[in-house]
Amino acid sequence: MIKEILVHTEGGVMTITLNRLERKNSITLAMYGAMADAIAAADADPAVRVVVLQGHETVFSAGNDIGDFLDRPASGMESPAFRFLRGLPTFSKPLVAAVCGPAVGIGTTLLFHCDLVYAGDNAAFSMPFVNLGLCPEAASSLLVPQMLGYHRAAEALLLGEPFMVEAALEVGLVNRVVPPTEANGVAQAAARKLAAKPISALVETKRLMKQGQQQRVLQQMADEGAIFSRLLVEPAAKEAFTAFMEKRHPDFSKL
Ligand code: COA
């Protein structure tokens with residue numbers, strides 16, 4: 001295990017905590033790998049009945065580590081990032097998230113795969129893939145229009161505009177909004193409630209709710225992955241990543 005991903009299991013609940021606050025919980029390849037391993041282990045372990053994903057009360061995640069995007073553009077189905085992504089819709093047990101502060105890129109798109117989401121009133125969601133020369137991932141090009149409606153999805157995915165917790169609550173991405181200091185506790189309480197229920201009934205109910213579109217979601221992820229891998233090494237993305245590292249605005253005028 002690595003120190004940027006903390007994994008703790010107690011009372012049937014595995015809690016995965018993003019712990020890279022100095023980089024706003026942005027996610028490196030090693031962190032994707034550790035989370036993918038934890039989720040796979042949780043699925044296989046009968047002692048784990050629920051998984052909670054959480055960040056810090058000031059920030060959930062700033063998305064993919066941009067230095068990694070630049071230096072080690074992951075591609076292919078076996079990359080740790082893709083392993084993590086595929087593990088979300090195929091995870092058979094309940095997945096609960098606690099989200100506070102910025103949730104950027106994968107920090108927002110992973111929520112569409114969670115069963116319950118509790119948010120701090122400081123939560124802000126954004127999917128600025130286009131601004132980075134990229135396309136959506138985690139089947140968000142399918143799931144965001146389904147949940148937000150096409151035009152709001154276009155605002156989020158084409159304009160790359162953030163949306164606040166009130167909008168997330170209204171569309172049903174978030175179950176409940178609480179003070180940031182309480183979000184992790186509220187998620188834990190829900191997870192403990194779930195963990196006390198009969199596991200077969202939970203797993204079958206989740207499977208039945210999801211079965212109509214699981215294959216579609218996995219196919220969309222694969223389609224997005226192929227395009228994402230190509231865009232990741234194109235000049236627009238390189239300019240966006242370099243601009244972020246150099247703390248300047250990107251210049252796409254010649255691209
Ligand atoms: N990858 C790598 N480093 C990141 C990062 C990321 N995704 N997000 C933030 N950091 C780093 C910053 O470069 C900064 O480093 P420094 O202290 O060496 O200058 C540090 O984390 C703190 O970030 P900062 O931007 O100063 O914090 P903030 O509170 O003003 O803003 C965010 C927080 C999340 C809104 C902002 O950091 C952000 O927009 N990050 C990029 C998000 C992004 O585009 N992610 C990719 C999505 S696909």
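Each ligand, and each atom within it, is numbered from 1 in the order the structure gives.
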Going by the atom numbers of ligand 1, which of them fall below 4.0 Å from some non-hydrogen atom of [X]?
X	answer
Glu22	20 (C), 21 (O)
Val104	42 (C), 43 (C), 45 (N), 47 (C)
Leu132	44 (O), 46 (C), 47 (C), 48 (S)
Lys247	13 (O), 16 (P), 19 (O)

Modelled atom types, side-chain donor and acceptor of Thr15 and Gln54, under 3.5 Å: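 Note: Thr15 and Gln54 side chains miss the donor-acceptor criterion.
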Donor-acceptor side-chain pairing of Asp251 and Ser253 below 3.5 angstrom: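 On atom types as modelled, these side chains qualify, holding a pair under 3.5 Å.
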Close N or O approach (Ile66, ligand 1; < 3.5 Å): yes
Donor-acceptor contact present, side-chain Ser61 to main-chain Asn25, <3.5 Å: yes
Polar side-chain atom of Glu57 near backbone of Pro180 as donor-acceptor pair, under 3.5 Å: no
Kindly indicate whether [atom] is approached by any protein heavy atom to under 4.0 angstrom.
atom	answer
atom 47 (C) of ligand 1	yes
atom 39 (O) of ligand 1	no
atom 25 (O) of ligand 1	no
atom 32 (C) of ligand 1	no
atom 18 (O) of ligand 1	yes

Pairs flagged by ring-ring contact (aromatic ring centres under 6.0 Å, His included) wherever residues 28-56 is involved - sequence neighbours left out: Tyr32-Phe84
Among all protein heavy atoms in this structure, tell me which lies nearest to [atom], with the distance rounded to 0.1 Å.
atom	value
atom 27 (O) of ligand 1	Lys24 CE, 3.2 Å
atom 6 (C) of ligand 1	Ser26 CB, 3.4 Å
atom 11 (C) of ligand 1	Arg23 CD, 3.6 Å
atom 12 (C) of ligand 1	Phe244 CZ, 4.2 Å

Min heavy-atom dist Met127 to ligand 1 below 4.0 Å: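 So Met127 does not count as touching ligand 1.
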Whether Met245 lies under 4.0 Å from ligand 1, heavy atom: no
[X] atom [atom1], neighbour heavy-atom count above 12 within 6.0 Å:
X	atom1	value
Glu246	CD	yes
Arg20	CZ	yes
Lys238	NZ	no

ring-ring contact (aromatic ring centres under 6.0 Å, His included) partners of Phe82, counting only residues at least two apart: none
Option nearest atom 7 (N) of ligand 1 (shortest heavy-atom distance, choices Asn64, Asp65, Ile106):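 It is Asn64 whose heavy atom sits nearest to atom 7 (N) of ligand 1.
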Proximity to ligand 1 by part of Ala62, non-hydrogen separation under 4.0 Å: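 Both the backbone and the side chain of Ala62 come within reach of ligand 1.
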Phe129 and Phe228 aromatic ring geometry - parallel, tilted or perpendicular at 30°/60° bounds: perpendicular
With Cys135, the side chain to side chain contact (heavy atoms under 4.5 Å, CB included) member among Leu231, Leu157, Asp223, Val130: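 Going through Leu231, Leu157, Asp223, Val130 one by one, the side chain to side chain contact (heavy atoms under 4.5 Å, CB included) with Cys135 is satisfied by Leu231 alone.
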